[in-house]
Each structure stands twice: as structure tokens, then as C-alpha cells.
Amino acid sequence: MSEEIPVDWEQARALAYEAGRRAAGPAESISLLDADGRTLAEPLRALTDLPAFPTSSIDGWAVRGPKPWRVVGRVLAGGVAGPLDQDGTCVEIATGAMVPAGADALIRVEESTRDADGLVSGEPRAIPEWRLPGEEAHQGEELLPAGTAIDPAVIGVAATCGYETLGVRPRPRAALLVFGDELLTAGTPGAGRVRDSLGPQVPGWLRRGGAVVDPGAVAGPVQDTLEAHLEAVRGALATADLVCTTGGTMHGPVDHLHPTLAKLGAEYVVNTVAVRPGFPMLLARVPGPDGRTRFLAGLPGNPQSAVIALITLVAPLLAGLQGRPAPKLTMVEASAAVPGRGAFTHLALARLDHDGRSATPVGHVGSAMLRGLSNAHGFVVVRPGAQATPGDLVPFLPLPLVAGERP
């Protein structure tokens, strides 16, 4: 176990990503119909030239030699065109059909005429109206790199190439354990007890990171004893690649997470991060009986702090486990002042304007509050020892999008 020295926020994100990348599972093959939201484990390459043959862009005539042209046949989409081997001949052709070898030009049907003898006349346009082999891609060309999040557009490209299956990274399985005897799972808060808001919301954030969270993978509140914590964590780790816990990340009289990790032989990847809100949080590797590494992410009990822990440590970890690129910050203009937090990184909830170029801090941003979070698009990042003034370009960390959605 490492000492509790707060890790720089950006370094913590990098450590979490690298831990996930090193523990990523082997590729698996799935059908195109099941691929949405998954991640390419290998580059997607063109299996043939695209298009594979010269293809008509119009309905009309494929002609050879000078006009008028004698009609010698028809070619439709899906058919194989015989060659045009004599001048003064043409074939009727449909959009998407194979252009015959020997054709000099294509004539649009609406720009053609036929005389009493059935001969076709017309003028081709200056730009040939067919697609040439390899116009979109050549055989073997990389179309998309490994690590690409698969969405319907990616599936469409794969289908166009002729793929029936894709090699993808396995989706991490995640579980959630809610700690805290003071929590209610139903009804309104009162009499010293508060309603649990993390149990209902954390699975959604995990799914947006690409994790699978089964309905039975959320448990709690776990009784505030070391024995109960140890039993709950062991049980969750038996089926999950990642277990998130809420609360218990300090060293108070009922904070049993650190002793639980010690008994499990865990190794900290990150133990506390120099960020406000969000302190303290942790990420640990836990050895499994099968030799495969599992992870435990300790989220603070305060709801906004827990979400900050999710996007600080869990989002990069999940990206690494799936072979995706590490989440990146964007740059926006601060529309209002944002104070610094001394030696800590300050993540300030903010809402983007309509074009996404500037960010305005929102209200109700206490660690225990969720109202501000529900009105925000992400966080303005104020680095240690700095502050933001109106008009400054500042880093912005967006809240996770729907799984698989491209920025």
C-alpha cells in the first residue's frame, strides 16, 4: 500500500488509464448486429476496393463510340455487365449497376432521346457519372484504427466492406456497493437519515463509460462493519471486473474500505487525488483467484464528489480496459471568473453555450449537492496555483456521453 500523498489530478487520470490498458482483456468476435457501443480491437481495413467495380451513379445509358447508339442490352444493379465491344452501341443502365467494360460515357435518361428506329442520342456531362474502383478506399487500406468506439456509422462501413463479424474488446463488468448506515433507499430524508442518490445514478455513469452493470450488481447500504464490507467486496469481485464503492474512503470510526483492501492484498493505483471537490478518492488493483486483475474504485460519499471521482479515475480506467483512447480535455472560454483551490485542481461545474465555445459556472455546486450537476455539461478545470478570469481559455472536462457516442 502507498502512503496517502495526494496525486496530481492529471497524473491520477493517466495512472488510471494506464492501469486499465495493461489489464485489457483479449479480443472477441461478435456479429455486426451486436457491435453497437463496443470498441474495435484491431484496425478496420477494406477487404476489397470500394467500390469493387465501376458503378453507375445515374439511370440512363452506357455508351461506346459516337452517337447515335444502338441498344444491345440492359444492366441492372446486382447484375454482371457484358463488355461493350463495338462502337455505336449502348446498354440501358440503372443506378448502382456495374458499368460495362468498353463504355466511354454515361448518358442520363432524362438528357437522352430515341428516334423512330430506337437509336439513342444525347450528350454526356463533363464529369463522368460513375464511381471508379477504389474511389472510397483501396483493398487493405485502414479505414478506422483500433480503439474506435463502434456506432451505427462504423457498423455501416464494416458492412459495406463485407464484414460479418468484428473483433472487439470485451466490455468490463461493473458492480456498485453503497456504504453508509445513514442512507435510505426509499422515501424522503429525515430524522438523521438521507436518501441514497448514488445507488440509482452511478450505474448510468458506468454504462456511459462502456461498462455492463447488471440489475443485481448494485447492493447496499452495506452494514458499517469490517466483516460486512469484506464479505460484500469479495462477493462483488467474484463476478465484476470493477467494483465501485460509495463512502468510507476516509479513516473515520466507520470507514472500513482501507482495512478491507489491506485484507484482500490490494495495491493502490491512486490513493487520494489533489482535486476539489472530490477528495478523497482511490483506485486499487485487487488480485483475483484466477490470476486476472480486478479493480476497486472508492468514491466519496458526497454525490458531486463521487461523480468527480468517476470521471477522474473510473472513466479513464474503463477507456483503457476497452482499448479506447484516453479521455481528452477540450478548450473553452470562461464567461465568468472561477477561483482556484490552492495546490489542488479545481473542477467547477459549468454549462456550455449553444455553440460549445464558452462555459458558464452553475450554482448549487456543494459536494453534497446534485442540482448544479443536473444543469451542467461538465467541469471547467482550474489548475493548481491558478484561477480563471472572464475571457480566459480554460480546459473543460465534459460529463460522459452515451456509451459509444463520438464527441
Side-chain angles (χ1 to χ4, degrees), residues 1 4 16 19-20 23 171-187 189 192-207 209 211-272 278 280-303 305-310 312-314 317-318 321:
M1 297 285 188
E4 283 195 47
R171 295 182 66 185
R173 306 193 73 83
L176 173 66
L177 299 176
V178 177
F179 295 160
D181 284 345
E182 77 280 8
L183 297 175
L184 295 169
T185 57
R193 303 187 70 187
V194 297
R195 179 68 185 268
D196 170 38
S197 65
L198 293 175
Q201 71 165 304
V202 168
W205 295 121
L206 293 172
R207 292 187 184 102
V212 176
V213 186
D214 295 326
V218 179
V222 176
Q223 186 179 3
D224 279 335
T225 67
L226 176 58
E227 293 74 17
H229 279 52
L230 190 57
E231 180 182 0
V233 171
R234 276 182 174 147
L237 288 170
T239 57
D241 303 296
L242 164 67
V243 175
C244 292
T245 63
T246 67
T249 52
M250 296 289 283
H251 292 278
V254 291
D255 293 330
H256 303 294
L257 182 56
H258 291 281
T260 296
L261 290 172
K263 286 185 174 294
L264 293 172
E267 173 192 9
Y268 288 123
V269 177
V270 174
N271 186 9
T272 73
M281 63 181 76
L282 65 87
L283 178 66
R285 297 183 190 90
V286 185
D290 56 1
R292 184 167 57 85
T293 298
R294 273 82 164 175
F295 292 93
L296 186 143
L299 315 178
N302 279 325
S305 294
V307 174
I308 287 176
L310 282 166
T312 296
L313 298 179
V314 177
L317 174 75
L318 290 174
L321 285 170

Open item on the list: Would you say that Leu317 contacts Val269 through its side chain, given a criterion of any heavy-atom pair below 4.5 Å between the two side chains?
Closed with: no
- [ ] Give the C-alpha distance, both sets of side-chain angles, the deciding distance and a yes or no for side chain to side chain contact (heavy atoms under 4.5 Å, CB included) between Thr260 and Leu296.
- [x] CA-CA 11 Å; Thr260 296; Leu296 186 143; over 6 Å; no
From [X] [atom1] over to [Y] [atom2], what is the distance, rounded to the nearest 0.5 angstrom?
| X | Y | atom1 | atom2 | result |
| --- | --- | --- | --- | --- |
| Ile308 | Leu313 | CD1 | CG | 11.5 Å |
| His258 | Thr249 | NE2 | OG1 | 6.0 Å |
| Thr246 | Leu257 | OG1 | CG | 10.0 Å |

Side-chain donor-acceptor contacts of residues 227-235 below 3.5 Å, not counting sequence neighbours, with atom names and distances?
from: His229; atom 1: ND1; to: Gln223; atom 2: O; distance (Å): 3.2
from: His229; atom 1: ND1; to: Thr225; atom 2: O; distance (Å): 2.9

TODO: Output all residues satisfying side chain to side chain donor-acceptor pair (under 3.5 Å) with Ser305, sequence neighbours left out; order by chain, then residue number.
DONE: Ser367
Open item on the list: Checking Thr312 now: which residues fulfil side chain to side chain donor-acceptor pair (under 3.5 Å) with it, not counting sequence neighbours?
Closed with: Trp9
Write down the atom of [X], the atom of [Y], and the distance for their closest heavy-atom approach.
| X | Y | result |
| --- | --- | --- |
| Ala19 | Phe295 | O-CZ, 3.6 Å |
| Lys263 | Leu226 | CE-CD2, 3.7 Å |
| Thr245 | Gly298 | OG1-CA, 3.4 Å |
| Ala236 | Leu177 | CB-CD1, 4.2 Å |
| Asp224 | His256 | O-NE2, 3.2 Å |

Open item on the list: Let's go through Val243 and Val286 carefully: what are the C-alpha distance in whole Å and the side-chain angles of both, what is the deciding distance for side chain to side chain contact (heavy atoms under 4.5 Å, CB included) to 0.1 Å, and is it a yes or a no?
Closed with: CA-CA 10 Å; Val243 175; Val286 185; over 6 Å; no
Open item on the list: Once side chain to side chain contact (heavy atoms under 4.5 Å, CB included) is applied, do any residues pair with Ala297, and if so which ones, sequence neighbours excluded?
Closed with: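 Side chain to side chain contact (heavy atoms under 4.5 Å, CB included) list for Ala297, sorted by chain: Leu242, Cys244, Leu283, Leu299, Val314.
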TODO: Just jot down the side chain to side chain contact (heavy atoms under 4.5 Å, CB included) partners of Val213, sequence neighbours excluded, or say none.
DONE: Ala174, Pro203, Leu206, Arg207, Ala217, Val218
- [ ] Among residues two or more places apart or on two chains, list those pairs meeting salt bridge (charged side-chain N to carboxylate O under 4.0 Å, His left out) that have a residue in residues 252-261.
- [x] none
TODO: Could you note down all residue pairs passing salt bridge (charged side-chain N to carboxylate O under 4.0 Å, His left out) where residues 285-294 supplies at least one of them, sequence neighbours left out?
DONE: Asp241-Arg292, Glu267-Arg285, Asp290-Arg292, Asp290-Arg294
